[in-house]
Amino acid sequence: MELKNLPSVDEVLKDARIQSMEKVCARNLVVQAVRDELEVLRAEILNTGNRWTREEARERVVAEAVRRLQSLRQGSLKKVINATGVVLHTNLGRAPLSPETAEHIASLAQGYCNLEMDLEEGKRGSRYRHLESIILNLTGAEAALVVNNNAAAVLLVLNTLAKDREVIVSRGQLVEIGGSFRIPEIMALSGAKLVEVGTTNKTYISDFERAVSSDTALLLAVHTSNYRIVGFTHEVPLTELVSLGRRLDLPVVQDLGSGCLVDLSPWGLEAEPTVQECIKEGVDLVTFSGDKLLGGPQAGIIVGRKRLIDAMKQNHLLRALRVDKLTIAGLEAALGGYIAGEPQNKVPVLRMLTRNPADLETMAGRLCHAIKEELQGWDGQLEVKVIELNDKVGGGAYPLQELPGYGIEIALGFDPEQLVHRLRTLEPALLPRIKEGAIIISVRTLQAEEMDLVPGLLRRALEALQ
Ligand SMILES: *Cc1c(COP(=O)(O)O)cnc(C)c1O
């Protein structure tokens, strides 16, 4: 029986490497890790019948238990350098925050704050009052409410205004956003009944008019933020939906998704409706994300008529969707970048989107030079050069927009798969674009201090392959 060479828990616990783990991990977790790894080895021996000497078995259990504990200590969220050129990458945490925003969050995180206290009166206050005046000033709305994310915002609006009643939406706008946000499903969760009108490519205001009944609670417009229907199409203009809503006394709600506060067309992006424009056109409620084009932390923002926002504040569902002090701090500071003026220079997401191609070319030239210096040992095997490329907005915004940018192409002469895996598992991880036989580093999404790290990371990954 090969199991006789398995060490005892106590024997493993005496090992110096395990003892040093006890200095940085709770003892019960160290004991558990050793037990678990002994169990793994026991199962393996029974399954495979392989022979292990006592020495080998102890080494293996020690090494695996230490690895298990190290990974527990390090946690799993790691810094990633985004070299994909996709500015709002949902898998990479969407909007990076400005240093001012990060500092504001950090300064409030370590102590108490007036989250729900009116310091003037010394009485209980509401957490929702903090962001209200900033948002009202920036959007021109009568009232605002911030919840956990935009999916929560849509859910709260529908549940408050349309539970057990009907909501009319164009068939061309029944969107799915990555990560399982689907309008029909959110609608079902909220208790509202979806009434689809029109066809995939064409919907007219008369379709809405015909669908209205005594059960209708509201008219919903959803911004088709991550796709476009092109060709033989017709969408109902917001102004027509607003006048129909007025005439029939039905609220008009727009789920704007990205919710930009700045017209980015001077920087060559397509014109998209801003939150302010929707409010000005008379939309009763607009919902949008805090961490897409706005450039803040994850949040969902609802702006519009005070009467409707007040109804949502009375809904008990809000308790489950509420934001914490860190989100409020982050959003307050991110919106500060708009209050200060010229947000395109202060909000990182907007800065990346509006970067001048000539500056990107200069950045790429510098980085290319630094990479060539660092990778001298691979001369003749790698070809490193500056290229023009197209970047993306991402985050389900501006689906067709291509942002002219620059990057560094490193032609490898071998399949990039393994190198890319190495780059992903470094710290910080580096995520490039992949092309046949090459990797590409887009410079648009690199922060200044990250630029300096890229050459060294590339060298470490290449060395690890040898
Ligand atoms: C992104 C998006 C959502 C979901 O927003 P989250 O903040 O990710 O919850 C909903 N609707 C539209 C139109 C979107 O673009």
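Bear in mind the structure is a predicted one, so any value in this text is a computation, not a measurement. When a ligand or atom number is given, it counts from 1 through the structure's own listing order. All residue numbers in this chain count up from 1 along the given sequence. Note: hydrogens, waters and symmetry copies are ignored here, and every other heavy atom, side chains too, is used.
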**Message:** Is the shortest side-chain heavy-atom distance between E166 and S213 below 4.5 Å?
**Reply:** yes

**Request:** Using a 4.5 Å cut-off on heavy atoms from C-beta on, say whether the side chain of L293 contacts that of V393.
**Result:** yes

**Message:** Under a 3.5 Å cutoff, is there a donor and acceptor pairing between the side chains of N150 and T287?
**Reply:** yes

**N or O contact, H223 vs ligand 1, cut-off under 3.5 Å** = no

**Asked** To the nearest 0.1 Å, how far is atom 15 (O) of ligand 1 from its closest protein heavy atom, and which atom is that?
**Response** S225 OG, 2.6 Å

**Request:** Just go through R94, R182, Q254 and tell me whose heavy atom is the nearest to atom 8 (O) of ligand 1.
**Result:** R94

**Request:** Just need the protein heavy atom nearest to atom 10 (C) of ligand 1, so name the residue and atom and give the distance.
**Result:** N150 ND2, 3.2 Å

**Prompt:** Looking just at side-chain N and O atoms, do T327 and D324 make a donor-acceptor pair shorter than 3.5 Å?
**Reply:** yes

**Request:** Please report which non-hydrogen protein atom sits nearest to atom 9 (O) of ligand 1, along with the residue it belongs to and the distance in Å to one decimal place.
**Result:** A151 N, 2.8 Å

**Prompt:** Do K292 and ligand 1 have an N or O pair less than 3.5 Å apart?
**Reply:** yes

**Asked** To the nearest 0.1 Å, how far is atom 11 (N) of ligand 1 from its closest protein heavy atom, and which atom is that?
**Response** D255 OD2, 2.7 Å

**Prompt:** Do Q32 and N28 get their side chains close enough for a donor-acceptor pair, meaning under 3.5 Å?
**Reply:** no

**Complete:** Under 4.0 Å from one or more heavy atoms of S289, ligand 1 contributes atoms 5 (O), 6 (P), 7 (O)

**Prompt:** Under 6.0 Å from the CD atom of Q418, do we count more than 12 heavy atoms belonging to anything else shown?
**Reply:** no

**Item:** Distance-only donor-acceptor check, side chains H104 and E332, under 3.5 Å
**Value:** yes

**Asked** Is Q173 in contact with ligand 1, taking contact as a heavy-atom separation below 4.0 Å?
**Response** no

**Message:** Just to check, does Q298 reach to within less than 4.0 Å of ligand 1 when the distance is taken from its heavy atoms?
**Reply:** no

